[in-house]
Asks: 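Next up is a structure, given as structure tokens.
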Amino acid sequence: MTGRTQRWKEIPSERSSELREFAIALRAVKDSTDLTQQQIAEAAGMAPNTFSGYLNGSRLPEDEPLTRIWKVISEDVRQKGASEAHTLDELRTLREQAVRCAACTRRGSVALPEKPSPAAADVDAPTKGQPASRIVHGRARRRVRLHGSRRRMIPGPPPHTEVPVPLQEGDRHLTPNVSDVLAAELRTLRRHQAAGRTRDTHMMVWGKARSTTPGEFPETVAVYRAAGLEEEVETLLRTAAERDVHAVLNIVAALHDRHQYEDAQAILAAARTDT
């Protein structure tokens with residue numbers, strides 16, 4: 001096996017074992033070739049930051065981009081009379097295991113409402129001949145006496161606070177409120193994909209990237225990514241980098257304001273490559 005072994009950063013411990021195994025295997029395949037990450041990403045038709053996310057275990061590729069990456073590396077390795085560290089089928093198997101593990105983790109993080117205990121039901125039920133107690137909604141209040149002043153009521157902490165669980169992929173995976181227009185576009189994209197109309201899908205996303213205003217661009221990217229349209233997100237970012245310089249700078253600034261830093265970096269990298 002040819003190639004050069006790269007000194008990789010340690011994969012964060014919070015990643016699942018299946019995701020770590022996939023990232024380690026993909027790194028081994030990358031080490032089979034002398035091609036750089038940027039060369040592989042460009043040959044596979046994706047942003048360098050996207051490929052870096054796959055290698056670092058922060059993102060999982062779909063089957064199509066994974067196949068393109070493997071073919072680029074395989075062609076280079078076999079031209080030198082060597083072989084890859086892992087076959088494409090082995091990478092696919094590890095990826096599917098990581099996807100199933102991620103799905104189980106998301107389902108396990110949803111807390112189900114608890115049923116009230118019989119004792120609690122007896123306490124809340126009014127006795128015969130007595131009026132039912134009125135349910136008062138709102139925060140608990142506590143009384144505080146201030147020196148030299150009258151007693152006043154101030155709000156206390158809520159009795160129970162639910163903390164939302166963030167998504168696994170960091171700042172690039174947001175959960176925005178989908179507008180009616182974007183929801184309709186997503187339904188149309190799904191229909192195109194289900195019917196195998198790849199060209200119609202590409203042209204629709206290309207037109208969206210060319211016509212979306214800088215202020216609306218972060219929401220569009222976040223909605224597409226939350227819907228699992230990773231390939232369409234890459235098309236949005238690459239097409240946005242082809243717009244005029246003024247539009248590119250405004251889009252990057254809007255992404256920074258929404259803390260979508262990796263998307264902003266991907267557009268800048270694509271724009272720099274195109275120039």
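Residue numbers start at 1 and run along the sequence shown. These numbers come from a predicted model, not from an experiment.
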Asks: Surrounding CG of Asp244 (heavy atoms of other residues, nucleotides or ligands, distance under 6.0 Å), is the total greater than 12?
Replies: yes

Asks: Checking Glu75 now: which residues fulfil salt bridge (charged side-chain N to carboxylate O under 4.0 Å, His left out) with it, not counting sequence neighbours?
Replies: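 By the salt bridge (charged side-chain N to carboxylate O under 4.0 Å, His left out) rule, Glu75 matches no residue at all.
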
Asks: Should Leu249 and Ile267 be counted in the same cluster of Ile, Leu, Val, Met, Phe, Trp and Tyr side chains packed under 4.5 Å apart?
Replies: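 No, Leu249 does not connect to Ile267 through the hydrophobic network.
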
Asks: Quick one: CG on Leu229 to CG on Leu186, what's the gap to the nearest 0.5 Å?
Replies: 6.0 Å

Asks: Which value, rounded to the nearest 0.5 Å, describes the distance between Leu255 atom CG and Gln265 atom CD?
Replies: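 Separation between the atoms: 10.5 Å.
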
Asks: Checking Ser74 against Glu84 for the side chain to side chain donor-acceptor pair (under 3.5 Å) test, could you report, in this order, the C-alpha distance in whole Å, the side-chain angles of both residues, the deciding distance, and whether it holds?
Replies: CA-CA 6 Å; Ser74 176; Glu84 309 83 5; 2.6 Å; yes

Asks: Between CG of Leu26 and CG of Asp31, what distance do you get to the nearest 0.5 Å?
Replies: 10.0 Å

Asks: I need the minimum non-hydrogen distance between Val248 and Ala240, along with the two atoms involved.
Replies: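 Shortest heavy-atom contact: CG2-O, 3.3 Å.
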
Asks: Less than 4.5 Å apart, side chain to side chain, heavy atoms only: is that true for Gln97 and Arg100?
Replies: yes

Asks: Could Arg68 and Glu64 be called an ion pair, given the rule that one side-chain N must be under 4.0 Å from one carboxylate O?
Replies: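 Result for this pair is yes, salt bridge flagged.
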
Asks: How long is the straight-line distance from OG1 of Thr33 back to NZ of Lys80, given to the nearest 0.5 Å?
Replies: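 It comes to 5.0 Å.
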
Asks: Please report the shortest heavy-atom distance between Ala266 and Asn49, naming the atom on each side.
Replies: N-ND2, 3.7 Å

Asks: Say you draw a straight line from OG of Ser52 to CE of Met46; how long is it, rounded to the nearest 0.5 Å?
Replies: 12.0 Å

Asks: Over all heavy atoms of both residues, which pair between Ala23 and Leu55 is shortest? Give the atoms and the distance, please.
Replies: CB-O, 3.8 Å

Asks: Identify the two heavy atoms, one from Lys30 and one from Ile73, that lie closest to each other, and give their separation to 0.1 Å.
Replies: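 Nearest heavy atoms, Lys30 then Ile73: CA-CD1, 4.0 Å.
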
Asks: State which residues pass salt bridge (charged side-chain N to carboxylate O under 4.0 Å, His left out) with Glu18; sequence neighbours excluded, sorted by chain then number.
Replies: none

Asks: Hey, what else clusters with Trp206 if you join Ile, Leu, Val, Met, Phe, Trp, Tyr whenever side-chain heavy atoms sit under 4.5 Å?
Replies: Met203

Asks: Mind checking what makes salt bridge (charged side-chain N to carboxylate O under 4.0 Å, His left out) contact with Glu62, not counting sequence neighbours?
Replies: Arg95

Asks: Determine which pairs satisfy ring-ring contact (aromatic ring centres under 6.0 Å, His included) with at least one residue from residues 215-256, sequence neighbours left out, and list them in order.
Replies: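 Those involving residues 215-256 are His256-Tyr261.
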
Asks: According to salt bridge (Lys or Arg N to Asp or Glu O under 4.0 Å), does anything in residues 187-198 pair up with another residue at least two apart or in another chain? List the pairs.
Replies: Arg197-Asp200

Asks: Nearest 0.5 Å, please: how far is CE in Met204 from CG in Leu189?
Replies: 4.5 Å

Asks: Cut-off 3.5 Å, side chains only: do Glu231 and Gln193 have a donor facing an acceptor?
Replies: no

Asks: Does Arg59 form a salt bridge (Lys or Arg N to Asp or Glu O under 4.0 Å) with Glu230? I'd like the steps, not just the answer.
Replies: CA-CA 10 Å; Arg59 302 180 61 187; Glu230 290 294 336; 2.4 Å; yes

